[in-house]
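First the structure, in the form of structure tokens, and then the observations on it.
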Amino acid sequence: MKWEIYKTLEEASKKTAQYIVNELNLKPNLNLCLPTGSTPINCLNEMVKLYEEGKADFSKANIYNMDEYVGLGKTHPEGYYYFLQNHLYSKTNVDLAKTYSFDALDVDLNKQCKDYTNIFYKNGVMDVMYLGIGTDGHIAFNMPKEIHYLNAHLENLSSEALSANAKFFNNVDEVPTQAITIGIGMILKSKRIVLNAFGKSKAETIKQLYENPVIDPQLPATFLNLHEDLTIIIDKDAASLINEFK
Ligand code: GLP
């Protein structure tokens, strides 16, 4: 596990964008899985900037959503497909035919999960898995719980996740209570993983991840301890409770 701490989230996001674009330049048909939420916005903006400067070509990349709220379609402004469409696809030369996402309106969600697991591997394993992290330690939408799934599956969102994500909706009651998500196995099979965490609200979670080399199913991000090529890029606020980084 490699840790990189930067003064600001802008700086950390720039480094993350550079990390991803370096991989893209090495392999133009990169298999890339992207997160949503507030964390990746600056990084995605930086990726757009690199494209505009002629330093990134997304035309051959295969880009995957990692999760989606149940009941939100591709055009819903708080849906996760729309998020990537809005922040990256519409501003770069991403080929929409090479973008993949859950159909969270499917009447048979269990079949949808099976289908998405197959789609996820159709171009080979993920080259780069870019993750955010919830204040409860969730990665993608793998919530704290006793038993975790390897493949795509349905999740009931924790009350902590619901209240954290209420900022994107008018109120907490509007946040869908279920999501479909890639499983822990799909994350760990990726060749490289890069995780961002920004702000004081993530500091306690990041401290736990740093100080406890354990697998704790109640802190799903600890599964990442099993991966051999994990880079954690955070800002100083997220690192603020770790003595070594003070
Ligand atoms: C969301 C997403 C995760 C994301 C996390 C953190 O619910 N499902 O992929 O990493 O929660 O969100 P934020 O970046 O807004 O703090």
Side-chain angles (χ1 to χ4, degrees), residues 8-10 12-13 16-17 20 32-47 63-72 76-84 86-88 100-102 104 113 116 120 126 128-145 148-149 152-169 172 174-184 186-188 190 193-206 208-209 219-224 230-235 237-240:
T8 63
L9 82 86
E10 286 80 10
S13 300
T16 310
I20 294 169
L32 173 65
C33 187
L34 293 175
T36 54
S38 47
T39 304
I41 292 176
N42 277 64
C43 173
L44 295 173
N45 289 344
E46 287 295 334
M47 286 164 66
I63 307 186
Y64 299 78
N65 272 91
M66 62 181 57
D67 47 14
E68 185 57 275
Y69 288 116
V70 168
L72 300 197
H76 193 289
E78 294 313 330
Y80 287 167
Y81 180 81
Y82 185 90
F83 176 95
L84 291 184
N86 185 30
H87 289 283
L88 185 71
Y100 304 93
S101 60
F102 285 100
C113 290
Y116 196 65
F120 196 79
M126 230 27 66
V128 175
M129 171 69 58
Y130 171 29
L131 293 171
I133 183 170
T135 51
D136 55 2
H138 75 256
I139 45 175
F141 259 137
N142 293 279
M143 295 289 126
K145 58 184 179 299
H148 283 267
Y149 293 85
H153 60 283
L154 270 166
E155 287 270 349
N156 294 317
L157 304 189
S158 68
S159 53
E160 197 169 330
L162 291 174
S163 43
N165 288 352
K167 59 180 182 270
F168 298 110
F169 294 83
V172 72
E174 282 186 16
V175 187
T177 55
Q178 282 195 312
I180 32 185
T181 180
I182 59 169
I184 294 290
M186 295 164 81
I187 294 174
L188 290 179
S190 311
I193 304 179
V194 58
L195 181 145
N196 276 164
F198 305 135
K200 291 236 155 94
S201 67
K202 303 282 169 76
E204 182 55 42
T205 316
I206 289 298
Q208 284 185 45
L209 188 60
L219 190 77
T222 57
F223 281 103
L224 300 175
L230 168 65
T231 304
I232 298 186
I233 303 179
I234 59 179
D235 67 357
D237 283 345
S240 58

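Remember, it's 1-based here, ligands and their atoms both numbered in the order they're listed.
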Whether Y80 lies under 4.0 Å from ligand 1, heavy atom: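 Y80 counts as a contact of ligand 1 under the 4.0 Å cut-off.
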Please classify the [X] to ligand 1 contact at 4.0 Å (heavy-atom distances, strictly less than): side chain, backbone, both or neither.
X: K167; answer: side chain
X: N165; answer: side chain
X: A140; answer: backbone

Mind running side-chain hydrogen bond (donor to acceptor under 3.5 Å, both in side chains) on E160 and T135 for me, showing each step along the way? CA-CA 8 Å; E160 197 169 330; T135 51; 2.8 Å; yes
Counting both backbone and side chain atoms, is some N or O of Y69 under 3.5 Å from an N or O of ligand 1?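 Y69 vs ligand 1: no N/O contact under 3.5 Å.
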From [X] atom [atom1] to [Y] atom [atom2], the distance as rounded to the nearest 0.5 Å:
X: M126; Y: L32; atom1: CE; atom2: CG; value: 8.0 Å
X: H87; Y: L34; atom1: NE2; atom2: CG; value: 12.0 Å
X: E46; Y: S13; atom1: CD; atom2: OG; value: 7.0 Å

Need the ligand 1 atom indices (1-based, order shown) with element for anything under 4.0 Å from a heavy-atom of F141.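 What qualifies from ligand 1 is 7 (O), 8 (N).
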Contact atoms of ligand 1, heavy-atom distance to G132 under 4.0 Å: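 Atoms satisfying the 4.0 Å criterion: 10 (O).
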Looking only at protein heavy atoms, identify the closest one to [atom] and say how far it is in Å.
atom: atom 5 (C) of ligand 1; answer: H138 NE2, 3.6 Å
atom: atom 16 (O) of ligand 1; answer: K202 NZ, 2.7 Å
atom: atom 13 (P) of ligand 1; answer: S38 OG, 3.4 Å
atom: atom 12 (O) of ligand 1; answer: G37 CA, 4.3 Å
atom: atom 14 (O) of ligand 1; answer: T39 OG1, 2.4 Å
atom: atom 6 (C) of ligand 1; answer: I133 O, 3.5 Å
atom: atom 4 (C) of ligand 1; answer: T36 O, 4.0 Å
atom: atom 8 (N) of ligand 1; answer: D67 OD2, 2.8 Å

Hey, can you tell me if F83 and Y80 have their rings parallel, tilted or perpendicular (30° and 60° cut-offs)?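 It falls in the perpendicular class, over 60°.
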Would you call the rings of Y100 and Y64 parallel, tilted or perpendicular, where under 30° means parallel and over 60° means perpendicular?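 Y100 and Y64: parallel rings.
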Quick one, L224 and L131 - any side-chain contact, counting heavy atoms below 4.5 Å?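 Heavy-atom side-chain distance check passes, below 4.5 Å.
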Are F168 and Y69 close enough that their ring centres sit under 6.0 Å apart?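 Ring-ring flag for F168/Y69: false, centres at least 6.0 Å apart.
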Between E155 and N142, what is the shortest heavy-atom contact and its length?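 Heavy atoms only, the tightest pair is OE2-CA, 3.9 Å.
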More than 12 heavy atoms of other residues, nucleotides or ligands under 6.0 Å from NZ of K145: is that the case?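 Atom NZ in K145 is crowded, with more than 12 foreign heavy atoms closer than 6.0 Å.
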